Amino acid sequence: MSHSDDHKENSKIDCCTPSRVVEEKRRTVDMTVAAGSGRHSIAQARIDDGAFWMGDAFDEGAHEDGETPEHAVYLDAFAIDITTVTNRDYAAFVAATGYVTDAEHHGASAVFDAHLKAEPSDVEGAFPGTSWWLSVRGADWRHPAGPLSSLEGIESHPVVHVSWNDAMAYCCWAHRQLPTEAQWERACRGGGGRGMRYPWGDTLDTGQNGAWPCNIWQGQFPHFNRCEDGWDATAPANHFAPNDYGLHQMIGNVWEWCADWFDARFYDASPLSNPRGPEQGTRRTMRGGSFLCHDSYCNRYRNSARSSNTPESSASNIGFRTVFRDGRVGCSTQSTETT
């Protein structure tokens, strides 16, 4: 069995991030919280207008992820954060607005079992098919490993346990928006040539000094992580060398929400200029992979790799970065009910 075939069989169970099942009436999220009043402090990289090749040139993604066909896309110029939004950044937003995240509203979020810091009574149980993901009461952005954890010492790490709704609320406050999937992939590729697998090239080399270029799993997933990259969970948002656009950790560390609805068939008829994803859907696109990605099980830490989750879902490996709002996307009071 080839490397790609092995991945395709394993990815039938989505190991990346569990989904929140909302059985009660869905929450209405006010995206207008102090809209446009916030100060976004993350440095920007400008990506000039132009065309690039989007999608999987190696045909190694899972069929259900819809990474093919590879296709040329033109994008207008845009400015994107050089790092993900950090705990410090998100704390400033919450302090200014009093915003309550989906994880706090629902009272629980998904935590990787090896990182758990909670009393046994706070563990609601494992998610079906992925026993390493636990639903934990009191896990949220302030308590990333559970209610017995805190942000002490990880203020510069990516904020996690933020849903798509929570990311959008921050964007509205900071006069930002989430990148489209096409913007995200172009930024990730760093201006490299057609078909590159990673931001730096096609191989996952540790380099002459033996240093890993990203924060992913090394060892036997999910039982043993050798932490050869120096990190067991999240790393600081500006750790590891940036790509040629000056962007840190576009792959690995945390999954990053994109603006688009997810559709595995979207590339079959995607617009050739400034695509913004399907008009409706049930899941939002995520990109980049996380510290839990491992080649033997989930190789979604590639430039073209796609995943998705429901807008109200959150976990200890999901974060986001933003782009400058271009005027075509506004803020409104929005329900997580799908259209």
Side-chain angles (χ1 to χ4, degrees), residues 16 44-62 64-85 164 167-168 171 176-199 242-251 254-289 300-309 311 318-330:
C16 298
Q44 303 293 293
R46 177 181 168 82
I47 314 297
D48 291 334
D49 64 304
F52 77 106
W53 284 92
M54 183 174 182
D56 179 13
F58 299 93
D59 193 26
E60 60 189 0
E64 59 266 31
D65 289 350
E67 294 183 36
T68 57
E70 187 187 26
H71 55 293
V73 172
Y74 170 85
L75 293 178
D76 292 336
F78 62 98
I80 187 169
D81 295 342
I82 66 169
T83 71
T84 51
V85 173
W164 185 90
M168 281 295 296
C171 287
R176 308 288 295 174
Q177 64 191 52
L178 292 175
T180 66
E181 191 174 10
Q183 287 175 327
W184 191 97
E185 185 167 328
R186 183 170 185 203
C188 183
R189 291 184 177 278
R194 177 178 178 179
M196 281 174 49
R197 182 179 280 116
Y198 306 114
N243 69 10
D244 287 345
Y245 286 148
L247 309 178
H248 293 269
Q249 300 194 81
M250 292 296 292
I251 64 171
V254 295
W255 282 100
E256 299 181 20
W257 288 111
C258 291
D260 308 27
W261 288 111
F262 177 82
D263 183 348
R265 298 166 296 179
F266 183 69
Y267 286 5
D268 292 333
S270 173
L272 301 180
S273 178
N274 296 307
R276 306 185 72 82
E279 293 184 1
Q280 60 185 22
T282 60
R283 300 171 70 88
R284 295 287 184 174
T285 300
M286 301 189 306
R287 287 299 204 108
R300 292 188 178 99
Y301 51 91
R302 296 169 289 108
N303 291 333
S304 63
R306 311 176 73 205
S307 191
S308 65
N309 214 328
I318 305 178
F320 69 102
R321 76 178 70 212
T322 74
V323 297
F324 182 75
R325 190 186 304 164
D326 62 10
R328 288 178 289 182
V329 177

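Only this structure's heavy atoms are used, side chains among them; waters, hydrogens and symmetry mates stay out. Please read all numbers here as calculations on a predicted model, not as lab measurements.
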Validation row: [X], [Y] side chains within 4.5 angstrom (heavy atoms):
X: Glu181; Y: Glu185; value: no
X: Leu247; Y: Arg321; value: yes
X: Phe320; Y: Arg176; value: no
X: Ser308; Y: Trp255; value: no
X: Gln44; Y: Asp81; value: yes
X: Gln249; Y: Thr83; value: no
X: Asn309; Y: Trp164; value: no
X: Pro275; Y: Val73; value: yes

Minimum heavy-atom separation for [X] to [Y], with atom names?
X: Asp268; Y: Thr68; result: OD1-O, 4.4 Å
X: Val254; Y: Thr84; result: CG2-CG2, 4.1 Å
X: Arg325; Y: Cys171; result: NH2-O, 3.3 Å
X: Pro199; Y: Ile251; result: CD-CD1, 3.6 Å
X: Ser304; Y: Glu67; result: OG-OE1, 2.8 Å

Counting N and O atoms only, with roles assigned by atom type, does the side chain of [X] sit under 3.5 Å from a partner on the main chain of [Y], one being a donor and the other an acceptor?
X: Asp76; Y: Asn274; answer: no
X: Arg284; Y: Ala259; answer: yes
X: Asn243; Y: Ala187; answer: yes
X: Asp263; Y: Gly281; answer: no
X: Arg300; Y: Arg287; answer: no

Partners passing side-chain contact (heavy atoms from CB on, under 4.5 Å) against Asp244 (at least two apart in sequence or in another chain): none
Axial cation check for Phe78 ring with Arg186, 6.0 Å and 45° limits: no
Mind listing the side-chain donor-acceptor pairs of residues 45-56 below 3.5 Å, one per line with the distance, residues two or more places apart or on another chain?
residue, atom, partner, partner atom, Å
Arg46, NE, Asp48, OD1, 3.3
Asp49, OD2, Tyr74, OH, 3.2
Asp56, OD1, Phe58, N, 2.8
Asp56, OD1, Asp59, N, 3.1
Asp56, OD2, Asp59, N, 3.2
Asp56, OD2, Glu60, N, 2.7
Asp56, OD2, Gly61, N, 3.0

From CA spacing to verdict: side-chain contact (heavy atoms from CB on, under 4.5 Å), Ile80, Gln183: CA-CA 9 Å; Ile80 187 169; Gln183 287 175 327; 5.9 Å; no
For Thr285, the option from Trp261, Trp184, Phe262 that meets side-chain contact (heavy atoms from CB on, under 4.5 Å): Phe262
From CZ (Arg306) to OH (Tyr267), nearest 0.5 Å: 4.5 Å
Nearest-0.5 Å distance that lies between atom OG in Ser307 and atom CD in Glu256: 13.0 Å
